[in-house]
Every structure is written in C-alpha cells, then in structure tokens.
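Worksheet: the structure to be examined is printed underneath.
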Amino acid sequence: MSDTFPDAIHTEDDLEELLSRPSEALIRTLAGLSGDISILGVGGKMGPTLARMAKRAAPDKRVIGVARFSEPDVREKLEAWGIETVAADLLDASAVAGLEKTENVVFMAGRKFGSSGDESLTWAMNVHVPAIVAEAYRESRIALFSTACVYPFYDITRQGAREDEVLTPPGEYANSCVGRERMFEHFAKRYGTRVSILRLSYAIDMRYGVLHDVGRAVMEGRPVPVDSGHCNVIWQGDASDIALQSLAHAANPPFVLNLSGPELANVRNIALRFGEHFGETPTFEGSEQSSAWIVDTSLQQRLFGYPRVPLPRLVDWTATWLGAGGRSLGKPTHFEVRDGTY
C-alpha cells in the first residue's frame with residue numbers, strides 16, 4: 001500500500017479508500033498475528049472504514065462486523081468490502097454469548113451524544129455492555145476504544161495527560177467511560193485476558209470532527225467558540241491503523257495508549273487558516289482557558305511513529321471538502337463543552 005496522499009479529497013469513495021488504506025506496518029503486524037478479527041460496534045462513524053482497513057491489510061483473515069445495523073446501507077457497504085456482518089444488540093447478554101469468539105476483537109461500542117436526559121442508557125452502554133463483552137470474549141485479544149475524556153483537564157502549557165494520569169474527569173459521560181475501562185480491567189484481572197486500551201482524542205474525517213466543526217462555522221459566518229481552545233486531533237485513518245496494530249501490544253495488565261496527533265492544535269489559529277481558504281474573517285466567542293482535554297502522545301510516537309497525515313494537510317483537506325459542498329454527517333463534536341454534558 002502507498003503512503004502517498006493527494007492534495008485534496010473530492011468524493012466519498014476517495015475519502016473512504018484513504019480512510020481504509022493500511023500502512024505497511026499494519027500489514028506486517030496482522031500477518032504476524034494469529035486468528036480472525038471481530039469488530040464490535042462496527043456501525044459507528046469510524047467502524048466501517050476500520051473494518052475495511054483490517055480486511056485490506058489481512059485479506060486472508062475473516063473480518064466480522066457486529067452491530068444493530070439500524071442503517072441498512074452500512075451493512076451492505078461492509079459486505080461489499082468483504083466483511084462478514086452479524087446483527088446483534090450488545091446489550092443482550094444472550095446475543096453476545098451466541099456470537100462467534102474470534103481470537104482478535106476491536107471493541108468500538110459506546111454512547112456519548114444524547115447522554116444528558118438519559119444518563120442510565122449511557123451508563124448501560126458504556127459500562128454494562130463492556131462487562132458483558134469482556135466476560136464473553138475473555139479468551140480473545142482485545143483492542144478497546146476509550147477516550148481522552150477520562151482525563152481531567154490539563155494545563156495547556158504542559159505536554160498533556162500521560163497514560164498514568166489519575167482519572168478524575170468532569171461529567172457523567174466521561175465517568176461512564178472510566179467505568180468502561182474498569183470493566184475490561186476487572187475481567188482481564190479475573191481471566192487473564194490481554195487488552196489494549198486506546199484513549200482516542202478527536203479522529204478527523206472530512207465529514208465530521210473538530211476541524212469540520214470549526215471550518216463550517218468560519219464558512220457560514222458563525223462565531224467559533226474558543227473557551228476550549230486547544231486539543232489533539234488525528235486523521236481517522238491513522239487512528240484506525242494504530243488501533244489495529246495495538247492488538248499486537250495487548251497485555252495483562254492492559255496496555256494503555258493515548259491515541260491522537262502530537263501537536264497541540266490551536267482552535268483560533270485553525271479558524272484563521274480556514275478564513276484564508278474561504279476569504280472570510282473568522283469571529284470568535286469566549287476566551288481561551290488555561291486548561292483543556294489534551295494528551296501526551298509520546299508513547300504512541302515511540303511505538304508507531306509520526307501519523308502519516310499531518311495537521312496542516314488535514315486542515316487543507318477539510319477546507320477543500322467544505323468549500324466544494326462535501327457531505328456532513330451532521331454529528332458535531334461539541335469540542336467546546338467543558339462540563340462533560342452532552
């Protein structure tokens with residue numbers, strides 16, 4: 001597979017090809033890893049292209065995508081890419097018990113938006129489902145998607161939260177995500193399961209993400225909120241690639257990895273860059289706070305190298321996509337929220 005990327009992305013087919021393009025390192029990693037791969041919660045924003053990437057990197061392995069598939073076209077697309085699909089509700093313990101137990105698992109299920117007003121469902125999805133899955137797949141090697149929201153806010157003049165930071169985040173959603181990690185840790189301790197925990201911070205796809213949100217605001221003449229004026233972001237294709245490679249690092253006790261870009265992205269500066277693209281002068285609301293949800297990705301860089309797609313290219317790609325009227329998933333990140341209420 002080539003690591004050469006274009007100057008712009010014009011179609012969704014091109015976007016999904018790039019999002020699912022595996023690195024040579026991933027191809028080597030999966031070649032050295034025994035067993036097939038199940039992806040639980042494959043129907044979300046990131047799941048389909050991650051599944052396709054796994055299949056492209058390891059065409060001789062079976063890749064099985066599990067979700068409720070409330071959107072039938074997602075299932076059809078996955079199957080066209082050679083991924084086996086199984087419809088199941090992960091809240092149903094008997095349904096999970098009946099799933100094929102592959103040697104490798106990527107767990108992507110969870111709930112964030114809509115948490116406020118139905119907190120019990122958020123806790124069920126983010127804590128109860130992990131307990132069901134962790135026990136059912138106790139013999140598997142598991143890569144678990146978590147979030148940088150498990151950390152407290154961090155001083156923006158410092159490197160960002162490291163993997164050994166004490167987890168004391170604000171809000172019910174973030175605390176339910178701590179619960180997700182704890183369930184996998186508990187059953188790993190009980191059964192000896194090998195796990196990698198991936199604390200992802202803001203994956204970028206042209207159709208959604210922090211850059212999409214900032215760029216749209218600039219293009220439409222809306223003020224850009226800058227109270228949470230700093231963050232880490234990563235090309236979704238790089239996040240998927242590293243997540244799949246992390247299966248080879250799964251361990252007991254669990255291996256923990258901050259997953260994002262190494263730069264401290266400055267929202268105001270990014271908005272100004274979008275303004276140059278669109279010929280607009282951005283306006284802002286709020287003022288930059290001294291702390292933000294930011295992470296130290298030193299371990300990631302040491303193990304997996306610098307992401308293939310750097311931040312300036314992500315901004316340029318997003319600007320071109322938005323300027324050409326590219327599709328939006330209509331799922332804002334709410335990166336500006338500081339109290340954990342989504």
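- Cation-pi geometry between Arg268 and Phe284 is satisfied (NZ or CZ under 6.0 Å from the ring centre, within 45° of the ring normal).
- Both Val74 and Met53 are assigned to one and the same hydrophobic cluster, defined by single-linkage of ILVMFWY side chains at heavy-atom distances under 4.5 Å.
- A cation-pi contact links Arg21 to Phe5, judged by a cut-off of 6.0 Å to the six-membered ring centre and 45° from its axis.
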As a quick check of understanding, evaluate salt bridge (charged side-chain N to carboxylate O under 4.0 Å, His left out) for Arg162 and Asp296, giving each step before the final call. CA-CA 5 Å; Arg162 298 194 318 178; Asp296 181 338; 5.3 Å; no
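- Around the CZ atom of Arg158, the shell of radius 6.0 Å holds no more than 12 heavy atoms that belong to other residues, nucleotides or ligands.
- Of the listed residues (Leu15, Leu314, Leu18), just one forms a side chain to side chain contact (heavy atoms under 4.5 Å, CB included) with Asp205, and that residue is Leu15.
- In this structure, Lys331 forms no cation-pi arrangement with Tyr208, as its terminal cationic atom is not both closer than 6.0 Å to the ring centre and no more than 45° off the ring axis.
- Between Trp293 and Tyr154, the ring centre distance reaches or exceeds 6.0 Å.
- Checked against the 6.0 Å centroid threshold, His230 and Phe335 do not count as a close aromatic pair.
- In this structure a side-chain-to-backbone donor-acceptor pair under 3.5 Å is present from Asp227 to Ser287.
- At least one donor-acceptor pair closer than 3.5 Å links the side chain of Trp321 to the backbone N or O of Arg327.
- One finds a salt bridge joining Glu84 and Arg62 here, because a Lys/Arg side-chain nitrogen approaches an Asp/Glu carboxylate oxygen to under 4.0 Å.
- Between Phe184 and Phe107, the distance from one ring center to the other falls under 6.0 angstrom.
- At least one donor-acceptor pair closer than 3.5 Å links the side chain of Asn175 to the backbone N or O of Pro169.
- Within 6.0 Å of atom CZ in Arg138, more than 12 heavy atoms from other residues, nucleotides or ligands are found, so the atom counts as buried in its surroundings.
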For a side chain to side chain donor-acceptor pair (under 3.5 Å) check, start with the C-alpha distance between Glu103 and Ser34, then their side-chain angles and the critical distance, and finish with the verdict. CA-CA 7 Å; Glu103 192 168 337; Ser34 62; 2.4 Å; yes
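- Between the side chains of Ser260 and Asn232, no donor-acceptor pair is found at a separation under 3.5 Å.
- Using a 4.0 Å cut-off between charged side-chain N and carboxylate O, Arg273 and Glu276 make a salt bridge.
- More than 12 heavy atoms of other residues, nucleotides or ligands lie within 6.0 Å of NZ in Lys101, so this atom counts as buried by the packing criterion.
- Between the side chain of Asp89 and the main chain of Leu91, a donor-acceptor pair closer than 3.5 Å is present.
- Between Phe274 and Glu280 the shortest side-chain heavy-atom distance does not fall below 4.5 Å.
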Would Tyr173 and His334 satisfy ring-ring contact (aromatic ring centres under 6.0 Å, His included), going step by step from the backbone distance to the final call? CA-CA 13 Å; Tyr173 161 71; His334 298 291; over 10 Å; no
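- With Asp213 contributing its side chain and Thr333 its backbone, the two residues share a donor-acceptor pair below 3.5 Å.
- Side chain of Asp241 to backbone of Pro22: no donor-acceptor contact under 3.5 angstrom is found.
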